[in-house]
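Down below is the structure, laid out as structure tokens.
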Number of protein chains: 2
Amino acid sequence: MAEETKVTIDDIAERAKVSKSTVSRVLSGSAVVAQPKRAAVLKAIDELDYRPNIFAQSLASGRSLTIGVLTQNIGSPFYDAILVGIHEGLGGSDYSPIVADGRWHLATEQTALQTLLDRRVDGLIVIGGSVQGSKLLRTVEQVPLIVVARNIPELGSHCICLDNFEAAYRATKHLIEHGHREIAHITGALSQGDAVRRREGYLQALSDAGIKPDPELVVEGNFRRQSGALAVEMLLTRGRMFSAIFAANDQMAFGARLALFRRGLRVPEDVSIVGIDDEPASAYMTPPLTTMRQPAIEMGEAAAHAILCLLNDEPLPNLQFSMELIARETVARHI
Amino acid sequence: MAEETKVTIDDIAERAKVSKSTVSRVLSGSAVVAQPKRAAVLKAIDELDYRPNIFAQSLASGRSLTIGVLTQNIGSPFYDAILVGIHEGLGGSDYSPIVADGRWHLATEQTALQTLLDRRVDGLIVIGGSVQGSKLLRTVEQVPLIVVARNIPELGSHCICLDNFEAAYRATKHLIEHGHREIAHITGALSQGDAVRRREGYLQALSDAGIKPDPELVVEGNFRRQSGALAVEMLLTRGRMFSAIFAANDQMAFGARLALFRRGLRVPEDVSIVGIDDEPASAYMTPPLTTMRQPAIEMGEAAAHAILCLLNDEPLPNLQFSMELIARETVARHI
DNA sequence: TATATATATGAAATCGGTTTCATTACCATA
DNA sequence: TATGGTAATGAAACCGATTTCATATATATA
């Protein structure tokens with residue numbers, strides 16, 4: 001491409017009249033170097049605008065200064081928010097994240113994981129996903145691992161996740177407390193544990209309130225907007241009455257809200273809605289969506305910090321988070 | 001961490017009874033290897049589950065198999081959509097993207113750029129941003145570069161961008177054609193060229209229709225939802241009548257829509273809205289937002305393909321994209 | 001059959017650092 | 001003054017691949 005007079009550590013050593021060992025030492029601070037020499041080295045580095053070759057560094061030291069991030073769906077607000085947090089949390093450290101996308105597809109996910117491992121990441125953050133815990137367990141022997149937004153019992157303390165059951169329970173209870181009894185539920189993809197647990201929380205809240213769950217009122221979605229709209233259509237054609245909808249995430253709540261709009265049903269006057277996530281767009285739905293807030297950015301940051309701790313053999317900080325009910329304007333009292 | 005009997009190329013060579021040169025050759029396909037030996041090597045690789053050390057590869061070959069992506073705002077739907085496209089476009093190739101975030105902050109952006117360069121990326125994709133063209137021009141001498149969502153004249157053919165002037169012109173014209181004459185405009189952050197060009201398109205469309213632009217009807221936003229809401233508040237307090245709003249992006253259109261809702265103004269009966277971007281959420285606004293579609297994912301994919309072409313010394317494909325009007329339900333005829 | 005050419009392979013150099021180990025210089029203690 | 005210990009430094013080995021170059025073998029040509 002161009003002149004590209006590559007400056008190497010030897011050039012610095014020569015110019016500073018020291019050995020490359022010494023240059024390496026001032027670079028990494030791995031040993032004390034006499035002040036005059038250190039100064040000479042620094043000066044040479046500056047004058048030649050020297051940039052250590054990261055491959056050579058990695059090869060020799062065995063560290064890549066890279067954190068692998070395995071996400072499931074780039075472009076999804078919730079997952080992206082976690083990524084934001086991770087970037088944030090890694091900022092200032094020497095580590096750069098390198099993210100691979102599993103696209104909620106097992107084979108893709110495994111390939112992505114392998115790619116990350118092949119790149120010899122120093123740490124791994126897995127967001128959601130469906131790779132078996134056992135496989136991850138094997139991974140954890142190779143590289144420090146933190147799991148976000150998914151609970152893997154075997155990995156207990158290394159998981160940053162929330163109580164999905166409880167979140168759903170509280171969301172549903174919120175509706176019940178507003179007088180609703182016919183509460184529909186749009187589930188997430190039931191192949192995912194989170195979706196199942198949320199449904200259980202919903203069911204439990206109903207029975208605790210003495211309401212007999214009606215199977216006709218729950219329809220399976222897939223966590224995406226469109227499925228929320230479809231679900232409402234289905235609910236409506238089934239003909240069962242309902243005064244409220246608990247959607248397993250905000251995306252589906254948006255979809256549901258649009259479908260209701262199409263049918264001329266008002267929110268919240270005719271139908272109340274509660275979602276889960278509190279993604280950035282939720283506050284700007286019309287009307288603003290009542291939802292259970294997942295602190296996605298904070299969780300991402302926590303994951304980054306946790307990985308850094310693991311890398312420095314420091315004890316893990318507290319990784320507990322909980323959901324918070326954000327009562328906005330999509331829930332009305334039902335008479 | 002564990003047993004970790006690292007398998008190296010020498011182990012493979014030994015087991016397959018060939019030299020490491022030969023192993024390297026079958027690995028990279030850089031030269032013909034006799035069938036029996038090739039088979040032996042492959043067998044050994046498989047049996048030992050050998051994974052080449054990427055640092056050693058990179059150090060020796062000078063290639064990192066890594067594409068740097070400099071974005072400006074992880075978590076923003078539009079930018080994230082481009083990232084999705086890039087991931088998509090790189091999938092299947094041997095290259096992995098590594099993304100750094102400039103956060104629309106010059107110093108941060110320069111640091112991020114330097115990080116990417118220090119990591120010796122083989123190619124660079126810059127999304128938006130404000131680093132001077134001249135600086136990028138110097139960068140382009142070090143590494144193949146593609147710029148997305150920003151036009152840098154000096155880099156002409158390496159830019160994937162759209163005609164913002166025209167998009168704004170057509171969006172405004174769409175409103176005019178529906179009988180609107182008092183059309184407000186919420187600009188983006190005017191420190192960004194895109195925002196300026198969109199405003200110019202808006203202004204031009206007005207004058208071409210013989211409408212005298214009213215400075216009171218344009219308010220500066222910053223491309224974020226909240227600024228859209230604020231802008232509407234401001235417009236309303238100014239007291240100037242307007243029957244339509246052209247927002248420089250969808251995010252601000254969402255904000256505007258919420259503010260109108262708060263004031264009891266109906267969309268589109270009382271006020272029509274047009275945005276720009278057509279981000280995924282736009283189709284789920286209530287009512288669905290009329291907007292100019294930017295093919296973000298496609299642009300990201302094109303950027304990835306273009307970089308790959310550059311890397312293979314192939315000619316660049318066509319990088320022309322254009323915006324398309326997506327007429328949904330936020331524009332009504334004004335009498 | 002002798003010679004030229006092409007093909008497959010291995011030995012060794014190289015990429016640019018880190019790290020071990022030995023050496024030297026210096027200071028404190030006996 | 002002799003001895004032990006410490007601190008700073010350089011030489012050289014090493015990390016694990018790619019690539020150049022030389023060599024041996026096979027094939028084609030005269």
Side-chain angles (χ1 to χ4, degrees), chain A residues 1 4-42 44-45 48-66 94 117-122 142 311, chain B residues 4-42 44-45 48-66 94 117-122 142-143 311:
Chain A
M1 294 275 157
E4 284 290 317
T5 327
K6 305 234 160 131
V7 181
T8 75
I9 199 173
D10 291 298
D11 300 322
I12 303 299
E14 188 180 353
R15 181 176 254 252
K17 302 204 204 329
V18 298
S19 72
K20 54 196 286 200
S21 318
T22 299
V23 177
S24 173
R25 284 190 263 259
V26 346
L27 233 46
S28 66
S30 58
V32 191
V33 172
Q35 181 50 35
K37 306 217 177 201
R38 138 176 263 100
V41 169
L42 258 16
I45 288 180
L48 265 37
D49 192 27
Y50 165 68
R51 300 274 159 186
N53 182 309
I54 199 170
F55 308 139
Q57 283 189 149
S58 295
L59 179 57
S61 70
R63 305 187 320 154
S64 62
L65 296 183
T66 276
D94 290 334
L117 260 17
D118 284 350
R119 292 198 110 80
R120 302 286 205 276
V121 295
D122 292 332
Q142 300 176 35
L311 256 17
Chain B
E4 286 288 317
T5 327
K6 303 234 161 129
V7 182
T8 75
I9 199 173
D10 291 297
D11 299 324
I12 303 298
E14 188 179 353
R15 182 176 254 252
K17 302 204 205 327
V18 298
S19 72
K20 53 196 287 201
S21 319
T22 299
V23 176
S24 172
R25 284 191 263 261
V26 346
L27 233 48
S28 67
S30 59
V32 193
V33 172
Q35 181 50 37
K37 305 215 179 199
R38 139 176 262 100
V41 168
L42 258 17
I45 287 180
L48 265 37
D49 191 26
Y50 165 68
R51 300 275 160 187
N53 182 308
I54 199 171
F55 308 139
Q57 284 189 147
S58 295
L59 179 58
S61 70
R63 305 187 319 153
S64 62
L65 295 183
T66 277
D94 290 334
L117 260 17
D118 283 351
R119 286 193 173 272
R120 303 285 205 276
V121 296
D122 291 334
Q142 300 176 34
V143 56
L311 257 17

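Chain letters run A, B, ... following the sequence lines, proteins first, then strands; residues in each count from 1.
- For the pair A/Asp11 CG and C/dC15 C1', the interatomic distance rounds to 14 Å; values are reported in whole Å.
- Spacing between atom CG of A/Leu65 and atom P of C/dG17 amounts to 14 Å, rounded to whole angstrom units.
- For the pair A/Ile12 CD1 and C/dT18 P, the interatomic distance rounds to 12 Å; values are reported in whole Å.
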When you compare the protein's N or O atoms with those of nucleotides 23-26 of chain C, which come within less than 3.5 Å of each other, and at what distance?
none

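- Rounded to the nearest 0.5 angstrom, A/Asp94 CG and A/Gln57 CD are separated by 9.5 Å.
- Residues satisfying the side chain to side chain contact (heavy atoms under 4.5 Å, CB included) test with B/Ala44, not counting sequence neighbours, are B/Ile12, B/Arg15, B/Ala16.
- Going from atom CD of B/Gln57 over to atom P of C/dG16 covers 17 Å, rounded to whole Å.
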Review item, side-chain donor-acceptor pairs of residues 35-42 of chain B, under 3.5 Å, at least two apart:
none

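- A distance of 8.0 Å separates CD1 in A/Ile45 from CD1 in A/Ile9, rounded to the nearest 0.5 Å.
- Neither OP1 nor OP2 of C/dG16 sits under 4.0 Å from any side-chain N or O of A/Thr8.
- In this structure, A/Ser58 has no side chain to side chain donor-acceptor pair (under 3.5 Å) partners at least two apart in sequence or on a different chain.
- Taken over five-pair windows at either terminus, the axes of the helix from C/dT1-D/dA30 to C/dA30-D/dT1 are inclined to one another by 40° (rounded to 10 degrees).
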Going 5' to 3' along nucleotides 8-14 of chain C, which nucleotides have protein heavy atoms under 4.0 Å from the base (write B), which only from the sugar-phosphate (write S), and which from neither (write -)? SBBBB--

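- For A/Thr66, the side chain to side chain donor-acceptor pair (under 3.5 Å) test picks out B/Arg119, with sequence neighbours left out.
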Under 3.5 Å, side-chain donor or acceptor atoms of residues 23-34 of chain B against the rest of the protein: list the pairs with distances, not counting sequence neighbours.
residue, atom, partner, partner atom, Å
B/Ser28, OG, B/Ser24, O, 3.1
B/Ser28, OG, B/Ser30, N, 3.3
B/Ser28, OG, B/Ser30, OG, 3.0

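- Of all nucleotides in DNA chain D having an atom under 4.0 Å from a heavy atom of chain A, the first and last in 5' to 3' order are D/dA8 to D/dG16.
- Atom pair A/Lys6:NZ and C/dC15:C1' shows a separation of 10 Å (rounding to whole Å applied).
- Here A/Asp11 pairs with A/Val7, A/Thr8, A/Leu48 under the side chain to side chain contact (heavy atoms under 4.5 Å, CB included) rule; sequence neighbours left out.
- The CG-P distance, from A/Asn53 to C/dG16, rounds to 6 Å in whole Å.
- Scanning for side chain to side chain donor-acceptor pair (under 3.5 Å) contacts around B/Asp118 gives A/Arg51, B/Gln114, with sequence neighbours left out.
- Protein atom CG of A/Leu48 is 15 Å distant from nucleotide atom C1' of C/dG16, rounded to whole Å.
- Applying the side chain to side chain contact (heavy atoms under 4.5 Å, CB included) test to B/Ala56 and every residue at least two apart in sequence or in another chain returns A/Leu59, B/Asn53.
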